[in-house]
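Notes follow once the structure below has been shown.
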Protein chains: 2
Amino acid sequence: MARKPTVYDVAREADVSIATVSRVLRTPERVRPQTRQTVLNAISLLGYLPSGSARSLAARKTNSIGLFLPNIDQLDQIGEFELTSDDAADMVIDPPQGQEDNTDSLYFDEVLRGCELESWRQGLSLMVSIGLRGKGDDIPQLINSMSEKVDGLIVLARSVPDTVLAFLRKRLPVVMIANAPANQENEFDLVRVSNRKGMYVLVRHLVEEHGVTSMAYVAGTDDSPDNGKRYEGFCEGLRSEGLEPSAAPIYRGQFSQSSAYQITGSLVRQGTLPRALVCANDQMALGALRALSEAGVDVPGQVIVTGFDGIKETAVSRPRLTTVRQPMVDLGRAAVSTLVKRLEDPDSPPISTELPVRVELRESCEGAMD
Amino acid sequence: MARKPTVYDVAREADVSIATVSRVLRTPERVRPQTRQTVLNAISLLGYLPSGSARSLAARKTNSIGLFLPNIDQLDQIGEFELTSDDAADMVIDPPQGQEDNTDSLYFDEVLRGCELESWRQGLSLMVSIGLRGKGDDIPQLINSMSEKVDGLIVLARSVPDTVLAFLRKRLPVVMIANAPANQENEFDLVRVSNRKGMYVLVRHLVEEHGVTSMAYVAGTDDSPDNGKRYEGFCEGLRSEGLEPSAAPIYRGQFSQSSAYQITGSLVRQGTLPRALVCANDQMALGALRALSEAGVDVPGQVIVTGFDGIKETAVSRPRLTTVRQPMVDLGRAAVSTLVKRLEDPDSPPISTELPVRVELRESCEGAMD
DNA sequence: TTGTAGGCGTTATCAC
DNA sequence: GTGATAACGCCTACAA
């Protein structure tokens, strides 16, 4: 493979000017069919492929967009990767499961799918990157890696530190998925789900269909807007049923299985289990389920448990978990769609979209009133 | 936000030449500290961000690589996406699970993670795209979308038609994950796992530790090289234990849960269940498990079941499934690593890497001999 | 150490 | 319908 052919090579081969070659590619109808064919032949003969860089430079846009996902694991621990061909097979007995946090990645992967899909439909290329860790030192690296190569950015909540976010935002359009930094909600293009409404509907269902009057809220970290919105919905749901939210205990978890596992364990030992444990996410609901199962507490007979997010495990746990499913793929698609709008019209006011969620009823609350 | 600032703006602001600005960015040590600082100030004052296109054009490389994943769903069915803000929540009872094929995506997502990770480590940007469907019509679209913007490509097996693959290969470096088109195995840079060895070790384990002498192979589609290699390993395993491979029945599935579910159901009804069902992938093993469970057949007591791939469900099924785990993240990392080598040295001979797999023993074959 | 100038491969605006 | 030619924003000898 010699040097890559350019328009000049094609032009020479077809005996036309480079302008004509360009036209054949961009506006074929403005070229006489015969000339066009000659050029096309030359192109395929030489195996010519236009240079994206040159094209982007001239057109002043890249037709690419970037997506930042949160970093799952500690990237710090990632070392060299050694390429060694090794036709072998180890054997292990009952391998431990991965860190529980990994299941989060499912969420992101679906969002990614959505972005991929919609970018493809819109004729855009999608550039993907894991987010940055805390230190701002990585900014130069970030710049080199991505933002200089795209027309706009999609950022999943908390995948990029606020300072970096501010930096990027000054330079190119940014769409946030899930939520913006505190107090800047109406300055960003935003795509999110109706956390509040989902929890609201769920709580009302518990009261109306299952006669639950005593429920506790197992919260996530308080700095999470998701958690905040969900708690709001929880309170509103209670209130709309004539129940007093302040009478419902809050137990503070960390969005993790283990946190809810411990909390639930304590409640069992103290004998202070409510009729229903409403968890701020699925991971915690699963943790609660595990603790209850180990304690021999019947779900949903004695205690109802609900989650939030709709991760895959909810459909295979025992009992299967009632949850509020987020439309993750649509989140991605909506984000791309929003970004495209923003690129077309840079000065329009912020676009905010709230996608509906879906309450999915399963055994963990089913038939509990009977 | 006015027009984006360029080197010229920065140069003017700092009262230096554009060459100096460039040097500050690329080779800071060759600039007097004082000048450097002036330039840096101007840069941050203006919010200057170098243009990736221009840089790539001048440097004759993009520092980006592309990844093609197979398209999961039928993209044809994907329509417009309408942006509508809708603070709502539906409710459904016991929603059906997604199409079973979706679990495949887990596999790809992990590969993607690996690519992402290693690209990041190597300072490269990663461009992601779902593959193309059969028709070659999409080639122009493909060209515009991706190959013109990257230095090299990573392609997951069967995510791109062979014809398109041939086209791309002529124009830029391509690394295949899993396997190359038939009869071209030694022309490609390849990264794969030791399917053969994994199955071999598994089969020997079944014979030696569990005394299994009667086993059946539940195959995937025969056009799959994976399936072929695994079957080879199966046969070799038997042979090495003094058993005759041709005496072991093959049941032809489609890599899908339902196919194995039906096959297993038939075996139950016919009363022709072997001591062990060795499945070519996890999906089929799960299907078999389901059929056996419904028929009241004890696993592993009466029948041992094994899978291949190591998808997440294997760790939560009942009983949990013995399987051969593919190091999916490492596949991705190895692919990027290979591509980097190829880019550094375009003319070296094809690089082929085979990563070791890991046999994971769980209840579906545990204690079966006791 | 710093500046000048040519080139990277396209697109787009003019004339012809 | 086609062909010069000037951007596009950056890099990099080569000079100064």
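Per chain, numbering begins at 1; letters A, B, ... match sequence-line order. Predicted model, so just to flag it, every value in this text is computed and none were measured.
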Residue pairs passing the side chain to side chain donor-acceptor pair (under 3.5 Å) test with at least one member in residues 42-58 of chain B, sequence neighbours excluded, are A:Asn144-B:Arg55

Take the C1' atoms of the five end pairs on each side of the helix from C:dT1-D:dA16 to C:dC16-D:dG1, get both axes, and report the angle to 10 degrees. 40°

When you compare the protein's N or O atoms with those of nucleotides 9-13 of chain C, which come within less than 3.5 Å of each other, and at what distance?
residue	atom	partner	partner atom	Å
C:dT10	OP1	A:Tyr48	OH	2.7
C:dT10	OP1	A:Ser51	N	3.2
C:dT10	OP2	A:Val7	N	2.7
C:dT10	O5'	A:Tyr48	OH	3.1
C:dT11	OP1	A:Arg26	NH1	2.9
C:dT11	OP1	A:Arg55	NE	3.0
C:dT11	OP2	A:Ser22	OG	2.5

Once side chain to side chain contact (heavy atoms under 4.5 Å, CB included) is applied, do any residues pair with B:Thr338, and if so which ones, sequence neighbours excluded? A:Leu83, B:Val175, B:Asp189, B:Val191, B:Ile351, B:Thr353

If the condition is side chain to side chain contact (heavy atoms under 4.5 Å, CB included), which residues does A:Asp330 pass it with, not counting sequence neighbours? A:Pro327, A:Arg333, A:Leu355, B:Phe81

Under the side chain to side chain donor-acceptor pair (under 3.5 Å) test, which residues partner A:Thr27, sequence neighbours left out? none

For A:Asp162, all residues meeting side chain to side chain donor-acceptor pair (under 3.5 Å), sequence neighbours excluded: none

Just grab all the salt bridge (Lys or Arg N to Asp or Glu O under 4.0 Å) pairs involving residues 27-43 of chain B, residues at least two apart or on different chains. none

Salt bridge (charged side-chain N to carboxylate O under 4.0 Å, His left out) against A:Arg23, all qualifying residues, sequence neighbours excluded: none

Suppose we screen for salt bridge (charged side-chain N to carboxylate O under 4.0 Å, His left out). Which residues come up paired with B:Asp151, at least two apart in sequence or across chains? none

Side-chain donor-acceptor pairs under 3.5 Å in residues 8-22 of chain B, sequence neighbours left out?
residue	atom	partner	partner atom	Å
B:Asp9	OD2	B:Arg3	NH2	3.3
B:Asp9	OD2	B:Thr6	N	2.7
B:Ser17	OG	B:Ala19	N	3.3
B:Ser17	OG	B:Thr20	N	3.4

Distance, rounded to the nearest Å, where B:Asn63 contributes CG and C:dC8 contributes C1': 15 Å

Along DNA chain D, 5' to 3', what are the outermost nucleotides having an atom less than 4.0 Å from a heavy atom of chain A? D:dG1 to D:dG9

Looking only at atom types and distance, does a side-chain atom of B:Arg342 sit under 3.5 Å from a main-chain N or O of B:Val174, one as donor and one as acceptor? no

